[in-house]
Novice: 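Take a look at the following structure, please.
Only a predicted model underlies this, so the values are computations on that prediction, with no experimental measurement involved. Heavy atoms only: backbone and side chains are in, while hydrogens, waters and symmetry mates are out.
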Amino acid sequence: MKRGFSFSVTVVVSAIVFIYFCTVFVFIDRWFGLMTSPGIMNAIAFTGVAFMCVLNYAYAILADPGRVPSSFMPDIEDTEVPIHEIKRKGGDLRFCQKCSCFKPPRAHHCRVCKRCILRMDHHCNWINNCVGHANYKVFFVFVVYAVIACIYSLILLVGSLMNDSQNDKQHSADTFRVAYVISGLLLVPLSVALSVLLGWHIYLILQNKTTIEYHEGVRAMWLAEKGGTVYKHPYDLGAYENLTTVLGPSIFCWICPFSRHIVILPHRCRHLAKKTITVVTTTDNRQG
């Protein structure tokens with residue numbers, strides 16, 4: 001998949017660089033002083049959070065979200081995988097006309113990337129990439145570090161302003177007025193938006209859903225209630241099991257960007273559903 005210049009990624013990188021330099025060389029320096037022990041400790045802590053944020057962001061951009069192996073073929077006689085997604089209309093196994101291949105469970109075609117993505121969540125313009133099976137964890141961890149960095153920076157901004165006010169340094173603060181104003185205009189909406197996004201994906205992970213599956217589930221629930229039955233998401237394995245499915249079996253590796261538990265092999269595509277035994281009825285969506 002070839003990807004060129006992305007204006008959205010450029011905006012994100014510019015914002016990260018601007019907020020980092022304002023936080024370290026304006027907020028921390030004016031509140032504690034960079035050469036003091038509190039200043040050094042806060043600068044090191046914020047730099048560490050910023051580094052992890054950038055590392056996860058870069059990996060989310062560059063990582064393949066999960067290509068459907070060309071050799072994948074659904075095995076309806078495999079007793080170890082008693083689940084196969086079928087079209088709502090016709091009952092056929094899901095087949096992508098554009099990629100000319102069968103779709104594994106939870107895979108969808110992305111109009112932007114022009115290919116099918118394993119366990120596709122959505123296409124994110126801010127990383128110029130799809131969020132899927134292979135990079136969902138790193139995307140989630142990036143959002144976690146981004147929320148921490150934004151809230152941390154906002155606290156330092158407020159503390160720096162209050163310290164200037166208490167020390168009657170208003171004239172000196174005027175020199176940095178532009179930095180304070182722009183940082184505030186960036187940090188407040190970013191902190192709110194990213195916190196909401198983080199909460200949303202925590203909910204999805206605990207339910208073992210993707211964004212696409214959530215919207216499909218709303219319609220499935222309505223159809224089930226209309227038919228007098230109860231709908232249950234077929235991939236829900238329990239909260240803890242759902243967490244380990246996405247973040248890894250070791251809790252100590254949950255905030256690390258890399259995971260050895262994510263493997264994409266032809267025979268593994270059939271096991272994305274793990275222990276589920278329900279036959280899923282879905283539309284043949286092509287999400288963009």
Side-chain angles (χ1 to χ4, degrees), residues 65-66 68 72-125 130-133 136 139-140 143 193 195-247 268-288:
V68 176
F72 171 76
M73 283 293 293
D75 187 357
I76 60 175
E77 296 181 357
D78 189 350
T79 57
E80 294 183 3
V81 189
I83 177 168
H84 298 282
E85 294 187 347
I86 59 176
K87 296 180 182 179
R88 182 177 291 114
K89 295 181 180 180
D92 298 327
L93 290 172
R94 298 164 68 236
F95 186 85
C96 180
Q97 300 293 339
K98 294 184 177 181
C99 295
S100 299
C101 67
F102 285 99
K103 292 182 181 180
R106 316 184 79 175
H108 295 273
H109 186 89
C110 175
R111 291 192 296 263
V112 180
C113 296
K114 294 180 172 51
R115 62 188 176 95
C116 288
I117 305 296
L118 292 172
R119 197 184 181 275
M120 180 178 172
D121 187 88
H122 69 287
H123 183 90
C124 180
N125 290 326
C130 267
V131 178
H133 174 64
Y136 182 81
F139 171 81
F140 175 78
V143 175
S195 296
V196 171
L197 181 65
L198 177 61
W200 168 247
H201 281 283
I202 289 175
Y203 164 77
L204 291 178
I205 289 175
L206 292 175
Q207 299 291 320
N208 200 0
K209 293 180 180 179
T210 65
T211 300
I212 294 174
E213 289 169 354
Y214 169 81
H215 292 293
E216 290 182 339
V218 171
R219 176 172 173 78
M221 188 178 299
W222 177 78
L223 290 173
E225 291 178 355
K226 188 177 180 180
T229 58
V230 178
Y231 172 78
K232 183 180 184 302
H233 182 58
Y235 300 111
D236 187 1
L237 306 172
Y240 181 76
E241 190 74 15
N242 293 338
L243 278 171
T244 58
T245 299
V246 174
L247 301 179
R268 289 279 296 170
C269 292
R270 296 191 296 268
H271 293 266
L272 290 177
K274 298 190 78 172
K275 300 177 183 178
T276 315
I277 60 174
T278 307
V279 175
V280 182
T281 305
T282 70
T283 55
D284 191 13
N285 284 335
R286 290 177 172 81
Q287 300 288 336

Novice: Report yes if the side chains of Pro65 and Arg115 come closer than 4.5 Å at any heavy-atom pair, otherwise no.
Specialist: yes
Novice: Output all residues satisfying ring-ring contact (aromatic ring centres under 6.0 Å, His included) with Phe139, sequence neighbours left out; order by chain, then residue number.
Specialist: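 Scan of Phe139 (ring-ring contact (aromatic ring centres under 6.0 Å, His included), adjacent residues dropped) gives His122, His201.
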Novice: Can you name the residues that form a side chain to side chain contact (heavy atoms under 4.5 Å, CB included) with Leu198, not counting sequence neighbours?
Specialist: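 Checked Leu198 against side chain to side chain contact (heavy atoms under 4.5 Å, CB included); matches are Phe140, Val143, Val144, Val147, Ile202.
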Novice: Heavy atoms, side chains only, cut-off 4.5 Å: are Thr211 and Val131 in contact?
Specialist: no
Novice: Heavy atoms, side chains only, cut-off 4.5 Å: are Leu118 and Val68 in contact?
Specialist: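 Side-chain contact under 4.5 Å: yes.
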Novice: List the atom of Ile212, the atom of Met120, and the distance in Å for their closest heavy-atom pair.
Specialist: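 So the minimum-distance heavy-atom pair works out to CD1-O, 3.7 Å.
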Novice: Applying side chain to side chain contact (heavy atoms under 4.5 Å, CB included), name anything that partners Ala224, two or more places apart in sequence or on another chain.
Specialist: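 For Ala224 the side chain to side chain contact (heavy atoms under 4.5 Å, CB included) partners, ignoring immediate neighbours, are Thr229, Tyr231.
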Novice: Who pairs with Trp200 by ring-ring contact (aromatic ring centres under 6.0 Å, His included), at least two apart in sequence or on another chain?
Specialist: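 Expected list: Tyr203, Tyr214.
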Novice: Using the test side chain to side chain donor-acceptor pair (under 3.5 Å), find all partners of Ser195 that sit at least two apart in sequence or belong to another chain.
Specialist: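 For Ser195, no residue satisfies side chain to side chain donor-acceptor pair (under 3.5 Å) once neighbours in sequence are set aside.
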Novice: So, do Arg119 and Asn208 sit near enough that their side-chain heavy atoms are less than 4.5 Å apart?
Specialist: yes
Novice: Considering all heavy atoms of both residues, which atom of Asn242 and which atom of Tyr235 are nearest to each other, and what is their separation?
Specialist: OD1-O, 4.0 Å
Novice: First locate atom NE2 of His133, then atom CZ of Arg106, and finally report the distance between them rounded to the nearest 0.5 Å.
Specialist: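 So the NE2 of His133 and the CZ of Arg106 are separated by 10.0 Å.
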Novice: Nearest 0.5 Å, please: how far is CZ in Arg111 from SG in Cys113?
Specialist: 11.5 Å
Novice: What's the shortest heavy-atom distance between Thr210 and Leu204, and which atoms?
Specialist: O-CD2, 4.0 Å
Novice: Please report the interatomic distance CZ(Phe95) to SG(Cys116), rounded to the nearest 0.5 Å.
Specialist: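 Answer rounded to 0.5 Å: 9.5 Å.
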Novice: As an exercise, state the distance from SG of Cys110 to NE2 of His123, rounded to the nearest 0.5 Å.
Specialist: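 Going from the SG atom of Cys110 to the NE2 atom of His123 covers 5.5 Å.
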